[in-house]
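Here's the structure we're looking at; comments come further down.
Counting starts at 1 for both ligands and their atoms, in listed order. Just so it is clear, the values below take in all heavy atoms, side chains as well, and ignore hydrogens, waters and symmetry mates.
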Amino acid sequence: MQKKLIWDLPLRLFHWLLVLALVCQWITAELGSGYMDYHFYIGYFTLGLIIFRLIWGIVGPKYARFSNFLYPPKAIWQYLMSFLRAKNPHFTGHNPLGGLIVPAVILVVGSQAITGLFASDDVLASGPYMSAISSETQSWLDSLHHQIFNVILAIAGLHILAIFWYQFGRKIPLIGAMFSGKKMITDKKTDTAQNGIGSSRLILAVIIAIIIAAFLYWLIAIAAPVPEVDYYF
Ligand code: HEM
Ligand code: HEM
């Protein structure tokens, strides 16, 4: 039995930066207009994180790839039933149920960040694309920006409860692994040298991050329409 590197560094950074960014987005939204600049910048950063995870799901190391943890519904159901019967089926990467957190987060957090680009507080702060659409569409996207956040809270709450259940109820040490990246491979049959990942592919991750940053700069600072301002005085 040996500890092997399973979660690459970019994946772990993605996870903890995402948690931090969502907390900051909640706080800056609650603090109101004076903090909207921070809300926008952290929102763009969050959008960047989501784009990164999408690409990393295709080109990242083994356990970061969608192909490693997206299972058909039948396999997810069988896993759930066997977990509820107090069995601990072994999976080196995400288990079939846990892996669902990745597409769920990409979908809801991605939608939250995109709708934010069109949102407005009707006072001082407006997303860069607010003036690109009709006022009906704008107010619909604005209300989605409010509602989707509740879905994010529900998914994050469920995820944290599940992780604590595994960690303390089933004594499966998942939390430490999301910091160190290393997991103990307990199943003798699957404990082979190929289990771990050789490297975190850091250079590739940095290149992808630079391309995403350039894309976001173009999207927000260059391509965004210049809003027409109505002067009432
Ligand atoms: C805003 C709150 C959170 C969100 C949105 C979130 C999201 C995610 C996502 C997307 C993944 C998949 C990682 C990937 O493959 O890229 C994941 C995995 C994981 N998260 Fe979180 N997370 C949150 C909070 C937490 C907290 C507070 C903890 C620990 C106390 C935690 C522990 C873990 C662990 C251990 C895994 C790996 C699960 C496994 O081994 O299959 N997460 N989380
Ligand atoms: C994933 C990232 C984001 C999260 C989690 C988030 C979260 C939130 C939350 C919770 C609110 C308050 C909603 C309420 O009071 O019910 C809010 C409001 C707002 N957000 Fe975001 N946001 C994100 C990204 C963005 C982005 C990228 C922009 C613009 C560039 C933006 C612009 C706004 C604006 C203008 C408001 C005020 C809306 C109003 O008062 O009607 N957000 N956001």
Side-chain angles (χ1 to χ4, degrees), residues 6-8 10-33 35-50 52-54 56-57 60-61 63-66 68-69 91-130 138-139 141-164 166-168 172-181 183 216 219-220 224:
I6 301 300
W7 304 126
D8 55 84
L11 183 147
R12 283 176 278 146
L13 275 176
F14 159 79
H15 182 267
W16 296 115
L17 287 173
L18 177 72
V19 175
L20 190 68
L22 289 176
V23 172
C24 291
Q25 285 304 74
W26 195 1
I27 295 173
T28 51
E30 291 297 325
L31 290 175
S33 291
Y35 289 82
M36 269 293 145
D37 277 355
Y38 297 109
H39 187 82
F40 282 23
Y41 286 122
I42 302 166
Y44 303 142
F45 178 74
T46 315
L47 181 57
L49 282 179
I50 294 297
F52 177 83
R53 188 62 186 93
L54 257 176
W56 208 236
Y63 298 103
R65 291 191 179 202
F66 296 120
N68 181 261
F69 58 78
F91 286 88
T92 308
H94 295 304
N95 66 57
L97 189 63
L100 289 179
I101 184 77
V102 184
V105 159
I106 289 176
L107 191 72
V108 290
V109 178
S111 308
Q112 180 74 359
I114 291 168
T115 52
L117 300 177
F118 302 90
S120 162
D121 67 358
D122 297 328
V123 191
L124 294 170
S126 304
Y129 282 85
M130 179 218 164
Q138 193 276 327
S139 59
L141 292 178
D142 201 287
S143 78
L144 275 184
H145 193 68
H146 287 241
Q147 287 157 13
I148 297 171
F149 192 64
N150 295 324
V151 183
I152 296 180
L153 287 180
I155 291 176
L158 256 176
H159 168 67
I160 293 169
L161 272 178
I163 294 292
F164 276 76
Y166 275 86
Q167 180 83 27
F168 302 108
I172 305 173
L174 295 185
I175 300 178
M178 235 326 137
F179 285 99
S180 68
K183 266 186 168 179
L216 287 176
L219 184 77
I220 291 145

Which protein non-hydrogen atom lies closest to [atom], naming both residue and atom, and how far is it?
| atom | result |
| --- | --- |
| atom 36 (C) of ligand 2 | Met36 CE, 3.7 Å |
| atom 23 (C) of ligand 2 | Gln25 NE2, 3.1 Å |
| atom 7 (C) of ligand 2 | Gln112 NE2, 3.1 Å |
| atom 12 (C) of ligand 2 | Ala29 CB, 3.5 Å |
| atom 13 (C) of ligand 2 | His146 ND1, 3.4 Å |
| atom 3 (C) of ligand 1 | Val19 CG2, 3.7 Å |
| atom 18 (C) of ligand 2 | His145 CD2, 3.6 Å |

Heavy-atom contacts under 4.0 Å between [X] and ligand 2: side chain, backbone, both, or neither?
| X | result |
| --- | --- |
| Asp142 | side chain |
| Leu22 | side chain |
| Thr46 | side chain |
| Glu30 | neither |

List ligand 1 atoms under 4.0 Å from [X], heavy atoms only on the residue side.
| X | result |
| --- | --- |
| Phe164 | 30 (C) |
| Ala156 | 1 (C), 2 (C) |
| Val102 | 12 (C), 14 (C), 15 (O) |

Nearest-0.5 Å distance that lies between atom [atom1] in [X] and atom [atom2] in [Y]:
| X | Y | atom1 | atom2 | answer |
| --- | --- | --- | --- | --- |
| Asp8 | Tyr63 | CG | OH | 12.0 Å |
| Phe91 | Leu97 | CZ | CG | 10.5 Å |
| Leu13 | Leu17 | CG | CG | 5.5 Å |
| Phe45 | Phe52 | CZ | CZ | 10.5 Å |
| Ile106 | Leu54 | CD1 | CG | 4.5 Å |
| Tyr44 | Leu216 | OH | CG | 9.5 Å |

At under 4.0 Å between heavy atoms, which part of [X] makes contact with ligand 1: side chain, backbone, both or neither?
| X | answer |
| --- | --- |
| Lys183 | side chain |
| Tyr166 | neither |
| Leu174 | both |
| Phe14 | side chain |
| Met178 | side chain |
| Trp56 | neither |

Practice prompt. Indicate whether the side chain of Asp142 and that of Thr115 have a donor and an acceptor atom separated by less than 3.5 Å.
Written response: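 There is no such pair (donor and acceptor under 3.5 Å, judged by atom type) between the side chains of Asp142 and Thr115.
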Give the numbers and elements of all ligand 2 atoms closer than 4.0 Å to a heavy atom of [X].
| X | answer |
| --- | --- |
| Pro128 | 30 (C) |
| Tyr44 | 30 (C) |
| Gly43 | 24 (C), 27 (C) |
| Gly116 | 25 (C), 26 (C), 28 (C), 29 (C), 30 (C), 31 (C), 32 (C), 42 (N) |
| Phe149 | 5 (C), 10 (C) |

Worksheet item: Nearest non-hydrogen atom to atom 16 (O) of ligand 1 belongs to which of Arg12, Arg53, His15?
Response: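 Considering heavy atoms of Arg12, Arg53, His15, the nearest to atom 16 (O) of ligand 1 sits in Arg53.
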Practice prompt. Would you mind finding which of Ile160, Ile172, Ile155 brings a heavy atom closest to atom 26 (C) of ligand 1?
Written response: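 The residue whose heavy atom sits nearest atom 26 (C) of ligand 1 is Ile160.
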Practice prompt. Name whichever N, O or S atom of His159 ends up nearest to atom 21 (Fe) of ligand 1.
Written response: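 The closest N, O or S atom of His159 to atom 21 (Fe) of ligand 1 is NE2.
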Worksheet item: Can you tell me if His39 uses its side chain to pair, donor with acceptor, with the backbone of Thr28 under 3.5 Å?
Response: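 Between the backbone of Thr28 and the side chain of His39 there is no qualifying donor-acceptor contact (under 3.5 Å).
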Can you confirm whether more than 12 heavy atoms, excluding those of [X], are under 6.0 Å from its [atom1] atom?
| X | atom1 | value |
| --- | --- | --- |
| Trp16 | CH2 | yes |
| Tyr166 | OH | yes |
| Phe168 | CZ | yes |

Worksheet item: So is Ser126 polar-close to ligand 2, meaning N/O to N/O under 3.5 Å?
Response: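 No, no N or O pair falls under 3.5 Å.
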Practice prompt. Give yes or no for whether the N/O distance cutoff of 3.5 Å, strictly under, is met between His39 and ligand 2.
Written response: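 Yes; the residue has a nitrogen or oxygen that sits under 3.5 Å from a nitrogen or oxygen of the ligand.
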Worksheet entry | Centroid-centroid under 6.0 Å between His94 and Trp7 rings |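 Yes, the ring of His94 comes within the 6.0 Å limit of the ring of Trp7, centre to centre.
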Discussion item. Below 4.0 Å from ligand 1: does a non-hydrogen atom of Trp16 turn up there or not?
Written reply: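 So Trp16 counts as touching ligand 1.
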Worksheet item: Do the side chains of Lys183 and Leu174 get nearer than 4.5 Å, heavy atoms only?
Response: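 Leu174 reaches Lys183 side chain to side chain.
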Fill in: Polar atom proximity, His94 to ligand 1 (N or O, under 3.5 Å)
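Yes - when backbone and side-chain N and O of His94 are compared with those of ligand 1, one distance drops under 3.5 Å.
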